[in-house]
Amino acid sequence: MNISGKTKVYTILGNPVAHCLSPALHNASFKALKMDSVFIASPVKSGNLEAAVKGLRSLGFQGGTVTAPYKELIIPYLDNITEEGRLIGAINTLYWNKGELWGTNTDGAGFVKALQQNLKPNTLQSKSILIVGAGGAARAITVSLASAGVKNLNIVNIDKNQALSISKPLQTLGCKAHVFDWEKNDIKTALSQSELVINTTSLGMEPNIYDMPPLDVNDFRSWHFFIDVIYQPKETLLLRKAKECGCKTMNGLNMLFEQGILAFNIWTGTQAPVDIMRRTLDEWFDYL
Ligand code: NDP
């Protein structure tokens, strides 16, 4: 990589960021496209976010991504955000638009794209869907599913108020949320009414690989399609149990991949080299 005085600089803001895939993913893309650009990781210590965004502006950064714990906190420091970012209430992508620093969120759209690749064309809108969890990933996914035309969503979360709170923005998109209690019989009912089951909780994520949401495997049916947004491990306990019951499964890698492609397209204005990004992502996770 030849860095010159003209090299465009992109970054990820977060804390920590040393483990992030983004620099490897996007630098491989720049190289493949022969773009004079570089992607670096910027660890931002607690309390320094406003200064970091000012630094982005004054140093002429071209944009980039935002990760935990700043996806929500960054919003006041941006000039504008997209409607999707506003409804989700969190930003993962930064880009310039007519001299203004904008934020948007590609997590949900990336999820929907990944999901649609695993469904028959034009069937998503008619699917019955259960969302397990009501954190940041759930918020992004539910907004994007509603934007894609899904009219009903079942949601269950350990904190019911949190589930009720993420269902509010869905109303404006014409989607009705049915919130269930985090309780055995209610979860059983929700499962029986839902073909797609999407785990958005962190239950099962490394290092706690023996955890899973309290879904009873006796209620799993072969017509269920289980999706876990977790990508480390690649196969969570939930997905392993679902597979054993003959269910179709999908892990979080495709969502991670698709949101990265969308972000790259937005901040560079250039079509991402999909094959290179896929290879880089696979190599990264094989190495871990
Ligand atoms: P949040 O902290 O915002 O949300 C976590 C969710 O998990 C909440 O609903 C929380 O419930 C629930 N939860 C956590 N611990 C427990 C528990 N012990 N029992 C029951 N529920 C629990 O995290 P995110 O939404 O940002 O991330 C969630 C997962 O999604 C992570 O594993 C993350 O890696 C993954 N992710 C994957 C992406 C991808 O591209 N594939 C993108 C973004 C996230 P409550 O808060 O009510 O307690």
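When a ligand or atom number is given, it counts from 1 through the structure's own listing order. The first residue in the sequence is number 1, and the count goes up from there.
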Hey, is R240 close enough to D228 for a salt bridge, meaning N to O under 4.0 Å? no

Looking at atom 23 (O) of ligand 1, what's its closest protein heavy atom, distance included? G136 N, 4.5 Å

Taking only heavy atoms of G133, which atoms of ligand 1 are found under 4.0 Å from at least one of them? 9 (O)

Worked check of side chain to side chain donor-acceptor pair (under 3.5 Å) between D107 and N92: CA-CA 7 Å; D107 279 332; N92 76 339; 3.2 Å; yes

At the 4.0 Å heavy-atom cut-off, does W182 count as touching ligand 1? yes

Examine I166 and L87 and state if one hydrophobic cluster contains both, with Ile, Leu, Val, Met, Phe, Trp and Tyr joined whenever side-chain heavy atoms are less than 4.5 Å apart. yes

Would atom 2 (O) of ligand 1 count as contacted, meaning some protein heavy atom under 4.0 Å? no

Considering only protein heavy atoms, which is closest to atom 10 (C) of ligand 1, and at what distance to one decimal place? N157 OD1, 4.1 Å

Looking only at protein heavy atoms, what sits closest to atom 28 (C) of ligand 1 is T200 O, 3.3 Å

Ligand 1 atoms nearer than 4.0 angstrom to some heavy atom of L256 are 40 (O), 41 (N)

Got an N/O contact under 3.5 Å between V229 and ligand 1? yes

Right, does atom 40 (O) of ligand 1 have protein non-hydrogen atoms nearer than 4.0 Å? yes

Give the atom numbers and elements of ligand 1 that come within less than 4.0 Å of a heavy atom of A134. 9 (O)

Is the closest side-chain heavy-atom distance between E258 and Q117 below 4.5 Å? yes

Electrostatic pair K184-D216, nearest N-O below 4.0 angstrom: no

Output yes when the distance from some N or O of ligand 1 to some N or O of M205 is under 3.5 Å, and no in every other case. no

Mind listing the closest non-hydrogen atom pair of Q271 and L33 along with its distance? O-CD1, 3.8 Å

Shortest reach to atom 14 (C) of ligand 1 by a heavy atom, considering only S202, G204, P214, G260: S202

Kindly confirm or rule out an N or O of L203 lying under 3.5 angstrom from an N or O of ligand 1. no

Taking all heavy atoms of M212 and all of F220, pick out the closest pair and write down the distance. CE-CZ, 4.4 Å

So for ligand 1, is I230 a polar contact partner (N or O within less than 3.5 Å, distance only)? no

Nearest-contact summary for atom 48 (O) of ligand 1 - protein heavy atom, Å: I158 CG2, 3.5 Å

among protein heavy atoms, the one nearest atom 24 (P) of ligand 1 is A137 N, 3.8 Å

List every atom of ligand 1 that sits less than 4.0 Å from any heavy atom of D159, numbering the atoms from 1 in the order shown and giving each element. 47 (O)

Output the distance between atom CG (L239) and atom CD (E244), rounded to the nearest 0.5 Å. 11.0 Å

Taking heavy atoms and a distance under 4.0 Å, where does T201 meet ligand 1: side chain, backbone, both or neither? both

Work out which heavy atom in K188 is nearest to a heavy atom in D219; give both atom names and the distance. NZ-OD1, 2.9 Å

For the rings on F39 and F30, is their centre-to-centre separation under 6.0 Å? no

If I apply the N/O under 3.5 Å rule, does M255 come out as touching ligand 1? no

Looking at non-hydrogen atoms alone, which of A68, G135, G108, G110 comes nearest to atom 4 (O) of ligand 1? G135

Run the numbers on D275 and R279 for salt bridge (charged side-chain N to carboxylate O under 4.0 Å, His left out), then give the verdict. CA-CA 6 Å; D275 293 347; R279 199 184 316 146; over 6 Å; no

Any N/O pair K71/ligand 1 closer than 3.5 Å: no

Non-hydrogen atoms of F264 and P273 that approach each other most closely: CE2-CD, 4.3 Å

Mind running ring-ring contact (aromatic ring centres under 6.0 Å, His included) on F285 and Y231 for me, showing each step along the way? CA-CA 9 Å; F285 283 97; Y231 48 83; 5.6 Å; yes

